[in-house]
Amino acid sequence: MQGRLFRQTLEVEITTHCAHCAQPMKLNVDSELKARVDGEANPLVFEPNVDWTGFAEANIIRAY
């Protein structure tokens, strides 16, 4: 979300494992909130639907 706020292209990569089945996984999330998962686990990824043109809060936490 920070990439959208600053109009930059950002991507984050998280290497972890599933807390339920212990399978390794790698999560990639980009500025457009597109999530990709590499690995055997199949997690549920929450992607908030935010109207950025009308967003006026100080941060995303305060909005929810």
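In what follows, every heavy atom counts, from backbone to side chain, and hydrogens, waters and symmetry copies are set aside. Note that the structure is predicted; figures quoted are calculated from it, not measured.
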Option from Asp38, Ile14, Val37 for which side-chain contact (heavy atoms from CB on, under 4.5 Å) with Lys26 holds:
Asp38
If you look at every heavy atom in Met25 and His17, which pair is closest and at what distance?
CE-C, 3.8 Å
Which residues pass the side chain to side chain donor-acceptor pair (under 3.5 Å) test with Thr53, sequence neighbours left out?
Asp51
